[in-house]
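Both counts, for ligands and for their atoms, begin at 1 and track the order of listing.
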Amino acid sequence: MKILAIESSCDETAAAVVENGQVVLSNVIASSAAKHAETKGVVPEVAAREHMKVILPTVELALSQAACDWSAIDAIAVTWEPGLLGSLLVGRATAQALAYALDKPLIRVNHIHGHVYSTWLEQDDEPQFPILTLTVSGGHNLLVYQRGHGDMEILGSTRDDSAGEAFDKVARILDLGYPGGPAIETLARTAVRHDLRFPRAHLEGFDFSFSGLKTSVLYHVKAHPIEDDAERAEIAWAFQEAAIDALLTPLFAVLEDRDVREVHLTGGVSANLRFREKLSEGVGPGLRLRFPARMIYCTDNAAMIGAAGYFDKARS
Ligand code: KG4
Ligand code: ZN
């Protein structure tokens, strides 16, 4: 089954053709990140207008790169929610119009389900349930337990900011670019001193919280104005360590509590190599660990929407 998938929930306009939920025939992303770098964050109105300019060429390119014409497409999947409303509406309206005009089934996909299924793309073998997925991006932060397709139990979520948002806000405090995650990771790698420590929030259950950590960084910088790049790097490193620990503590707590066969790490923040390293160190040898097969499947993309549309909806 070939699905044409469309994603436009934030600042990436994306289209992909995915076969049977795992084989990516094309994956096109037109990002307006450069525009948002100027404003150091996403301006919803600007994002929606950029989607309108590029969505049809992006869909056409995805079809041509997959060497498909419309007759080869069995269904159209689109990110339905959550996201920026104006941005979502561009993708929804495009997918609805195409499905109606071409008489194809329309599959409405939850964006977070897309991130959860990003670890199913281009894998040599099929993941085995039960699976615990930690999905961490700019807009969301969730611990999801799956016993099978169409069965997602949310065990934990953020009480305030998502981790990605905290990375972006701390990058602003440190005067780094947008998106902040990659900038902090790169700078943290250059840190020479590793003495600074920011507090980790300890919550009941499996929830997360990042606003206290962000505020600690802000107060630290106000009390000790940054004098050179070495200090900036030390703060980036200390923040990154605290943020990763705050993400991993609830995950390790679930592993004590539930039967789990595989642990998956997805979403934009899963591109962070220090995060992957700490997770690998903490997970025992009996568990299979999976990350998205390519970095491009960590951040927003349409291939993951095609995978979720297939496994979560079309097949179940
Ligand atoms: O999944 P995504 O592309 O968009 C949302 O659905 O929100 O995630 C974007 C987030 C941004 O906050 C960005 O700073 C973060 O992922 N991010 C990273 C890294 N690459 C992207 N955070 C930490 N380290 C990275 N290498
Ligand atoms: Zn996302």
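Annotation: F167 places no N or O atom under 3.5 Å from an N or O atom of ligand 1; distance criterion only. Backbone and side-chain nitrogen or oxygen atoms of E185 are examined, and one is located within less than 3.5 angstrom of a nitrogen or oxygen of ligand 1. Taking only nitrogen or oxygen atoms, main chain and side chain alike, G267 does not reach within less than 3.5 Å of ligand 1. Between G268 and ligand 1, an N or O atom pair is found at a separation short of 3.5 Å.
Taken to the nearest 0.5 Å, the NE2 atom of H111 stands 7.5 Å off from the OG1 atom of T135. Residue R92 holds its CZ atom at 5.0 Å from CH2 of W80, rounded to the nearest 0.5 Å. The OG atom of S118 sits 10.0 Å away from the CG atom of D300 when rounded to the nearest 0.5 Å. Going from atom CG of L143 over to atom CZ of R258 covers 10.5 Å, rounded to the nearest 0.5 Å.
Ranking the protein heavy atoms by distance from atom 3 (O) of ligand 1 puts D300 N, 3.0 Å first. Of the protein's non-hydrogen atoms, G181 CA, 3.5 Å is the one closest to atom 18 (C) of ligand 1. Atom 24 (N) of ligand 1 has its closest protein heavy atom at N272 ND2, 3.0 Å. The shortest contact between atom 10 (C) of ligand 1 and any protein heavy atom is with G138 N, 3.4 Å. Summary of contacts: the protein heavy atom closest to atom 11 (C) of ligand 1 is D168 OD2, 3.5 Å. Scanning the protein heavy atoms around atom 15 (C) of ligand 1, the nearest turns out to be V269 CG2, 3.9 Å.
D300 contributes atom OD1 as its closest N/O/S atom to the Zn ion (ligand 2).
Contact atoms of ligand 1 toward H140: 6 (O) (distance under 4.0 Å to a heavy atom of the residue). Atoms of ligand 1 found under 4.0 Å from any heavy atom of H111 (numbered from 1 in listed order, with element): 6 (O). Within the listing of ligand 1, atoms 12 (O) sit less than 4.0 angstrom from a heavy atom of G164. Below 4.0 Å from some heavy atom of H115 lie the following atoms of ligand 1, by number and element: 1 (O), 6 (O). Heavy-atom proximity to G180, at under 4.0 Å, picks out these atoms of ligand 1: 14 (O).
The Zn ion (ligand 2) lies under 2.8 Å from an N, O or S atom belonging to H111.
F252 and F210 end up in the same hydrophobic cluster when Ile, Leu, Val, Met, Phe, Trp and Tyr side chains are linked at under 4.5 Å.
Contact annotation: P182 has at least one heavy atom less than 4.0 Å from an atom of ligand 1.
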